[in-house]
Amino acid sequence: MAGKRSWKTWCGALLGAAFLSVGAAALAEEYQSPQAFLDESFAGRPPPAQVLWLTGARREAATQILGHSPRALRLHYWARGTRSAWILEEIGKERPITAGFVVDHGHIARMKVLAFRESRGYEIRYPFFTDQFRGAGLTDDRQLDTRIDGISGATLSVRAMKRLARLALYLSRHTEAQDAKG
Amino acid sequence: MQRADTRPRRSLFRWHRTLGALAALFVLVLAGTGLALNHTDALQLDRHHLTSAWLLDWYGVAPPPLQRAYRAGDHWISQWGGRVYFDAQPLDAQGTLHGAVSVHGIVALGIGSRVLLLTDAGELVEGLGTAEGVPGSIERVGLSGRDRLVLRSAGDDYRADPDLLRFTRTAVAADWAQPAPLPDALRERIAAGFRGEGLRLERVLLDIHSGRILGRFGPFLMDAAALALVFLGTSGVWMWARHALRRRRRR
């Protein structure tokens, strides 16, 4: 009798620990700092930050991509050669999601969710979702040229990530144009 | 014989009278608010708003206490509870306000572990974080040489470049932003903005009708009034019925 009770107690404790760990993951905010993301993206030597102003036609295009006017007037980006990194934020349902994008030769080379603040939809941080963005480019009408499968229960978060990917691809074209002029 | 026969009637009558007197006010309120709520659309109760200060205070619709305010050029940055304001305009920002300064026409405020750069119109230029060299925990915000933004964190100073792109750790002499008393006119504007357009009349009437306006035990009071009304109705009908029966017997 005592053995059975002990077995049940251990099972209950393990299940409780599992639920707690899942809950903890769901409530976790920052998965990776922006600095760490940049270090990884540029082999430990990120280039100095530059700024891109979201004004005029660029702002209109960003508004069309996001579905709302961008919060900020300027954005930092880090670029070396054909490779640029962007750290962008967009609201999923109610809270902002921070994601890092690396664009190389006009296609997404890397995408990572850096911080997630909602109570559900955190599955977008996992490679099974983020890996879909690798190689994605932008069509003439500023849509992704790659199909991204959604996640049940994370629709708004998925849509937010797709909007940010489109924005990163669009903005990287402008930095390349800037570099070409400069 | 007569006394024993009339005792229950008198007792019922006394109860009816006493309870009626005690419950009168509540019953009137119940009936009056019920009548009004029955005609919400016609009376447009949801379109009228009450802005009385004491009523809004009662409902707790009041700004949290002012925690600190900084003057940045021609503008004021203030924190009320968890809310931060650029003059009377609420900002989408979270964290503790550590200071604010004006540099080259840009208002820079340190909040939480970020620096927000705002235009003269309160528009967000950018939010700077750790990727731009902002230290993890900002303690103070100031100016070095009047034109370079400086932050202090854990005893170290971090100075921004002239374009406010990046911070680097360096020892500098700085004028640190100090909290200042917020002008009364601005304080009232913020408070008025916080209260919004007031409370809907329909909402207030519903709360009076249910007793919720009196707090946790208010509904129980109205329940008691409703039960008293039931008793009054029942006892009233009973007494009338007995009286009518007695009159018929006499005939």
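Here is the naming used below: chain letters follow the sequence lines, and residue numbers restart at 1 for every chain.
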Worksheet entry | Distance-minimising heavy-atom pair for A:Arg71 and B:Asp92 |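 Scanning both residues, the minimum pair turns out to be NH2-O, 3.4 Å.
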Fill in: Minimal non-hydrogen separation, A:Leu73 against B:Glu123, with atom names
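Answer, listing the atom of A:Leu73 first, then B:Glu123: CD2-OE2, 3.9 Å.
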Discussion item. Looking only at heavy atoms and a cut-off of under 4.5 Å, which of B:Leu117, B:Leu118, B:Leu165 has the most pairs with chain A?
Written reply: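 Most pairs with chain A among the choices: B:Leu165.
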Does [X] have more than 12 heavy atoms from other residues, nucleotides or ligands lying within 6.0 Å of its [atom1]?
X        : atom1 : value
B:Asp74  : CG    : no
A:Arg159 : CZ    : no
B:His48  : NE2   : no
B:Arg189 : CZ    : no
A:Asp140 : CG    : no
A:Gln143 : CD    : yes

Fill in: Between CD on residue A:Gln50 and CZ on residue B:Arg166, distance to nearest 0.5 Å
13.0 Å
Worksheet item: B:Leu128 versus chain A, heavy atoms under 4.5 Å apart: side chain, backbone, both or neither?
Response: side chain
Discussion item. side-chain contact (heavy atoms from CB on, under 4.5 Å) for A:Arg74 and B:Leu124? Distances and angles first, verdict last.
Written reply: CA-CA 9 Å; A:Arg74 77 175 196 189; B:Leu124 178 68; over 6 Å; no
Worksheet item: At a heavy-atom separation under 4.5 Å, does A:Leu54 approach chain B through its side chain, its backbone, both, or neither?
Response: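 Contact with chain B is absent: no heavy atom of A:Leu54 under 4.5 Å.
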Worksheet item: Would you find a donor on one side and an acceptor on the other, under 3.5 Å apart, between the side chain of B:Glu126 and the backbone of A:His76?
Response: yes
